[in-house]
2 protein chains.
Amino acid sequence: MKNAAGALLSSIKLDRQSRKSISVQLYMALRDTILSGGLKAGDRLPATRTLAKEIGVSRTTVIDAIERLTADGMLVSRVGSGTYVSDTLDRQRPTARITRSSDETINHAPALSGTLRHAQKSYAKRKWLPHTTKPFVTAMPALDAFPMATWTRIYARHLRGNRNDVMGYGQPQGHEGLRSAIATHLNAVRGITCDPAQVFITSGAQHAFSLIGQMLLNAGDRVWMENPGASGARNALLSAGAELVPIAVDRSGLVVKDGLAKAPDFQLAFITPSHQQPLGYVMSLERRFELLEAVEQARALIIEDDYDGEFYFGNAPQPALRSIDSQGQVIYVGTFSKSLFPSLRLGFILAPERMVSAFNELFESWVGGPPTATQAVVADFMDEGHFATHIRMMRRLYKARYDALIRAATRLPDTVQIQETSGGFHTWARLDSRFDVDSLVKQARSRGVVLAPLGRYCLAPMEENGFVIGFGSASPDEIERGMEILGSLVADGALAA
Amino acid sequence: MKNAAGALLSSIKLDRQSRKSISVQLYMALRDTILSGGLKAGDRLPATRTLAKEIGVSRTTVIDAIERLTADGMLVSRVGSGTYVSDTLDRQRPTARITRSSDETINHAPALSGTLRHAQKSYAKRKWLPHTTKPFVTAMPALDAFPMATWTRIYARHLRGNRNDVMGYGQPQGHEGLRSAIATHLNAVRGITCDPAQVFITSGAQHAFSLIGQMLLNAGDRVWMENPGASGARNALLSAGAELVPIAVDRSGLVVKDGLAKAPDFQLAFITPSHQQPLGYVMSLERRFELLEAVEQARALIIEDDYDGEFYFGNAPQPALRSIDSQGQVIYVGTFSKSLFPSLRLGFILAPERMVSAFNELFESWVGGPPTATQAVVADFMDEGHFATHIRMMRRLYKARYDALIRAATRLPDTVQIQETSGGFHTWARLDSRFDVDSLVKQARSRGVVLAPLGRYCLAPMEENGFVIGFGSASPDEIERGMEILGSLVADGALAA
């Protein structure tokens, strides 16, 4: 083996720390060598024994990789002669036999739609961070407390089911069992009475907001948006053509009077009444009725985003807007990102009765839902009671983590004040106006503490200075350590703006 | 147990044929009774022994159901006293304490957006049918030939992985490993060279068409659409505001001249060059260049829908439009619905280099991708070579099923002519113009044979009379039996219009 093939193969780099097995890495490396033309049709591979020695792996590993390449047609064995690169690739892979020559080269990107060009100007920046369970990451549930063994068992059982059900096309409106389970859950936990036919399954709440916006909004339609408010919903509604009007939020929730003053002709209001995103306030019953009244007058609609309403740990909870809405004005949106986990990308729309046929037509015509496996497994998880039990345990766990947060907060300097909340797993902290929150966020991050500046949620500037803190994914000990770091940073005068 | 509770409980109906266990059914029935107020807080449950006897199940089953209800907080046990309905529900479930009275009731549905109202008029009707492996269902791969054991093993391994990776938020653009695996696959099977950063993962091809349309189209933009053509793509593009222009298709593919005559000012062309949907023709190389030239002149773009390009079984395949496009005019869309299975709801966009930053911004701002599990499992399935092997085996299997179809077709009357194709798993049949295709479809269906009338794919009327037949999911024997039934129906004069 003194030819080009030998040289190439011996240059293969394997990473023994990788999650992928050495045999898979070798398969991928050999495949890439063939695909890039480093080994050509008809080239003979060195003997497995030689290869194993040159690459420094066991012969079994080499044989395994070669068998994979043979199975997928890249290599071919000839008895008594050895293993060769097959000509399958050359025969079956189409190649561009002619390339066009053109007078000019187009380099600029094509124009985006007018709606998106307009929307872009107001997008919230949503930097994706590799999520960890550091304090005080927001929107992250307690991953460590999830009953993964039960989940895996249900998954495996699902995959063993009837192949037509498991692998075929699902119902566009969503898996029937899941729609029923959600209707039952809404009744048990949120006091909402509805029919499964009103439930439409989406690829997360974000997808739901996009669909609702696309369905109802004309470019320039005015939409009330809580300020500060949910950044994902903001971007989705903007992309559907909404002209967002930032409305103030106080301890009783959305300030309806502010909305009426700024945009009495609104078409839609986006709202998080159970646990304001990001301030954590619960909308008062009076305000709820005030909002319903305003919406009725304007012949508008409401999106009620109930992203963590299951985790209320205060005294008597307020009824969902949806359950006091007698006029079919509320489109309720739920998600499993908080109640199960974010990577599921699973949410739902609960449509008012009078909108069910429109939703049915749209889903049947052009909306593909989430994978059947995701839906069927969640349905079984709910039907068998694991979901209700999990919610109940998590409500207690988040309450305990909240208590740890409040306890640790008593030792903070007066210049930072953690605000109370009564559910979910985030709240906000008011920071003395002399402090520069961005600089605090940066310094905290370098010490392993994640804070989200309030500004990230703002469509219009706010008077308050502060940041949002999550307490869902960190243990009470981690919360306490995080608060100590926060306290020492705030006590350090260097932060004053 | 002579009280209301006893009467209610004894009326519980259990279905021993159900996929759900008796214990789960009992849990669900008891929970529904409590939720609906049939059992109230403080009501005492009969002894497990009594319950088991009244309902006719084992005591273990009853205990299991009661334990689930206790775990999720619906029941509470008092030592030495029994099991009671807890007051948790009353305490934690919000109820509407006031209901609003309103002068009038709104019954009409709110107005849809102008774009959707316009789109609705041209939607293709897409009736969802519970998919089976009957002949000649279209768009359904050979579910029985899928290596489910390997798939399940990879799934279980994924779920055992690091919880932050498995459960946390995924990258909006898609799972990195999957984007790389797709880039390698496109090189190996389709001769397309690209960077993983150009690959954006979507919830199926349908979702990709919606996103591309929403991103690029203004209401009223003219879009070339193959006639007949893909009905899902048609509805997605219409919903994004497209004014679709039906363009003729012949044996060489889209008739570019027809497009230039009807809409020289087009913004976008939707096309299935590898295997025309639904006619099964392969676009000639000459036509491909003609189309690229026309698109360049008009400063337009192309969506290349390569939904089953992996399964070409003819002689030298044509290169993908994407691989002969030197100007970044082609947005290539792929799907795993045919190469793996439909319920995955997984597809991808391969963006031209000059559009990558726009796609990045949009995905980061408001597109949530498919579940991480789906993406990670497919990535491993590809990296370990199972995908390449599966594609290779399926190409052979579909060829064998196609051969069976053509063999059986020789015995059909002259009034129905199966058209040749060289890939994928569907083709079409020309029906003598004196026959009423809808009546044939109906009669065939009553005998277990599924046919799709050509009209279902038509945006504008076609001269041809015929139907589409799939040969992917039925065995050669089933195909032969199906053709016999088809032959006898066509031979029967009753069908003549």
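Given the structure is predicted, the values throughout are model-derived calculations rather than measurements.
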Asks: Which residue out of B/Glu353, B/Arg68, B/Met355 racks up the most heavy-atom pairs below 4.5 Å with chain A?
Replies: B/Arg68
Asks: Rounded to the nearest 0.5 Å, what separation is found between the OG1 atom of B/Thr115 and the CD atom of A/Gln214?
Replies: 8.5 Å
Asks: Heavy atoms only: give me the nearest A/Ala373-B/Tyr155 pair and the separation to one decimal.
Replies: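 Reported closest heavy-atom pair: CB-OH, 4.4 Å.
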Asks: Please classify the contact of A/Arg392 with chain B as side chain, backbone, both or neither, using a heavy-atom distance under 4.5 Å.
Replies: side chain
Asks: Under a 4.5 Å heavy-atom cutoff, which of A/Arg395, A/Gln267, A/Arg234 has the most pairs with chain B?
Replies: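 Most heavy-atom pairs within the cutoff with chain B belong to A/Arg395.
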Asks: For A/Ala205, is it the side chain, the backbone, both, or neither that has a heavy atom closer than 4.5 Å to a heavy atom of chain B?
Replies: neither
Asks: Quick one: what part of A/His390 sits under 4.5 Å from any heavy atom of chain B, side chain, backbone, both or neither?
Replies: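 Neither the backbone nor the side chain of A/His390 comes within 4.5 Å of chain B.
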Asks: Heavy-atom distances under 4.5 Å only: say whether B/Leu116 touches chain A with side chain, backbone, both or neither.
Replies: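 For B/Leu116, the side chain is the part near chain A, not the backbone.
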Asks: Relative to chain A, which segment of B/Ser210 carries a heavy atom at a distance below 4.5 Å: side chain, backbone, both, or neither?
Replies: side chain
Asks: Is chain B contacted by the side chain of A/Ser239, its backbone, both, or neither, given a heavy-atom distance below 4.5 Å?
Replies: both
Asks: Look up atom CE in B/Met74 and atom OG1 in A/Thr389, then write down how far apart they are to the nearest 0.5 Å.
Replies: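 Answer for the CE-OG1 pair, B/Met74 versus A/Thr389, is 10.0 Å.
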Asks: Can you tell which part of A/Thr70 gets under 4.5 Å to a heavy atom of chain B, answering side chain, backbone, both or neither?
Replies: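 It is the backbone, since no side chain atom gets that close.
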Asks: Let me know if A/Asp32 has heavy atoms under 4.5 Å from chain B in its side chain, its backbone, both or neither.
Replies: side chain
Asks: So which part of B/Met215 gets closer than 4.5 Å to some heavy atom of chain A, the side chain, the backbone, both or neither?
Replies: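 Its backbone and side chain both get close to chain A.
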Asks: To the nearest 0.5 Å, how far apart are CG in B/Leu143 and CG in A/Asp165?
Replies: 10.5 Å
Asks: I'd like to verify something: which residue of B/Ala236, B/Gly73, B/Ala219 has the highest number of heavy-atom pairs under 4.5 Å with chain A?
Replies: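 Of the candidates given, the most pairs with chain A belong to B/Gly73.
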Asks: When you measure from the side chain of A/Asn235 to the backbone N and O of B/Ser365, does any donor-acceptor pair fall under 3.5 Å?
Replies: yes
Asks: Please report the shortest heavy-atom distance between A/Asp72 and B/Ala388, naming the atom on each side.
Replies: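 Distance-wise, the nearest heavy atoms are CB-CB, 3.1 Å.
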Asks: Measure distances from A/Arg160 to the heavy atoms of chain B and classify the residue's part below 4.5 Å as side chain, backbone, both or neither.
Replies: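 No part of it gets close to chain B.
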Asks: Would you say B/Arg345's side chain and A/Thr372's backbone share a donor-acceptor pair under 3.5 angstrom?
Replies: no
Asks: Please state whether the side chain, the backbone, both or neither of B/Asp380 comes within less than 4.5 Å of a heavy atom of chain A.
Replies: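 Just its side chain gets close to chain A.
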Asks: Select one option (side chain, backbone, both, neither) describing which atoms of A/Tyr312 are under 4.5 Å from chain B's heavy atoms.
Replies: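 Contact with chain B: none, neither part.
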Asks: Side chain, backbone, both or neither: which part of A/Glu361 has a heavy atom under 4.5 Å from chain B?
Replies: side chain
Asks: Chain A: which of B/Gln206, B/Arg163, B/Lys20, B/Arg19 shares the most heavy-atom pairs with it under 4.5 Å?
Replies: B/Arg163
Asks: Need one label for B/Ala233: side chain, backbone, both or neither, based on atoms under 4.5 Å from any heavy atom in chain A.
Replies: neither
Asks: Would you call B/Arg354 and A/Pro110 a side-chain contact if the rule is heavy atoms closer than 4.5 Å?
Replies: yes
Asks: Can you tell which of B/Gly328, B/Ser473, B/Ala139 has the highest number of heavy-atom pairs within less than 4.5 Å of chain A?
Replies: B/Ala139
Asks: Rounded to the nearest 0.5 Å, what separates atom CG in A/Leu362 from atom CD in B/Gln120?
Replies: 6.5 Å
Asks: Can you tell me which portion of A/Met148 sits under 4.5 Å from chain B's heavy atoms? Options are side chain, backbone, both or neither.
Replies: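 It is both, since atoms from each part get that close.
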Asks: With only heavy atoms counted, which part of B/Leu346 is less than 4.5 Å from chain A, the side chain, the backbone, both or neither?
Replies: neither
Asks: Under a 4.5 Å heavy-atom cut-off, does chain B meet the side chain of A/Phe146, its backbone, both or neither?
Replies: both
Asks: Quick check on the interface: out of B/Ala188, B/Gly114, B/Ala240, who has the most heavy-atom pairs with chain A under 4.5 Å?
Replies: B/Ala188
Asks: Of the backbone (N, CA, C, O) and the side chain (C-beta and beyond), which part of B/Arg190 lies under 4.5 Å from a heavy atom of chain A, both, or neither?
Replies: both
Asks: A/Tyr27 and B/Gly385: which non-hydrogen atoms are nearest, and at how many Å?
Replies: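 That closest heavy-atom pairing would be OH-CA, 3.0 Å.
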Asks: Among A/Arg31, A/Met393, A/Arg93, A/His386, which has the most heavy-atom pairs under 4.5 Å with chain B?
Replies: A/Arg93
Asks: Below 4.5 Å from any heavy atom of chain B, which atoms of A/Pro370 appear? Answer side chain, backbone, both or neither.
Replies: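 Contact with chain B: backbone only.
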Asks: Quick check for you: among A/Ile34, A/Thr152, A/Thr88, A/Leu238, which has the greatest number of heavy-atom pairs under 4.5 Å with chain B?
Replies: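 Counting heavy-atom pairs under 4.5 Å, the top option is A/Thr152.
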Asks: Go through the steps for A/Ser113 and B/Leu217 under the test side-chain contact (heavy atoms from CB on, under 4.5 Å), then give the verdict.
Replies: CA-CA 5 Å; A/Ser113 76; B/Leu217 296 178; 5.7 Å; no
Asks: Side chain from CB out, backbone as N, CA, C, O: work out which of these in A/Leu69 comes under 4.5 Å of a heavy atom of chain B, or both, or neither.
Replies: neither
Asks: Can you tell me if B/Ser343 uses its side chain to pair, donor with acceptor, with the backbone of A/Val166 under 3.5 Å?
Replies: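 A pair under 3.5 Å: yes.
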Asks: So what's closer than 4.5 Å to chain B heavy atoms on A/Ala358: side chain, backbone, both or neither?
Replies: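 Answer is side chain: those atoms of A/Ala358 sit under 4.5 Å from chain B.
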Asks: Considering only heavy atoms and a distance below 4.5 Å, find which of B/Asn315, B/Ile391, B/Leu344 pairs most often with chain A.
Replies: B/Leu344
Asks: Nearest 0.5 Å, please: how far is CH2 in A/Trp366 from OH in B/Tyr123?
Replies: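 It is 6.0 Å, given to the nearest 0.5 Å.
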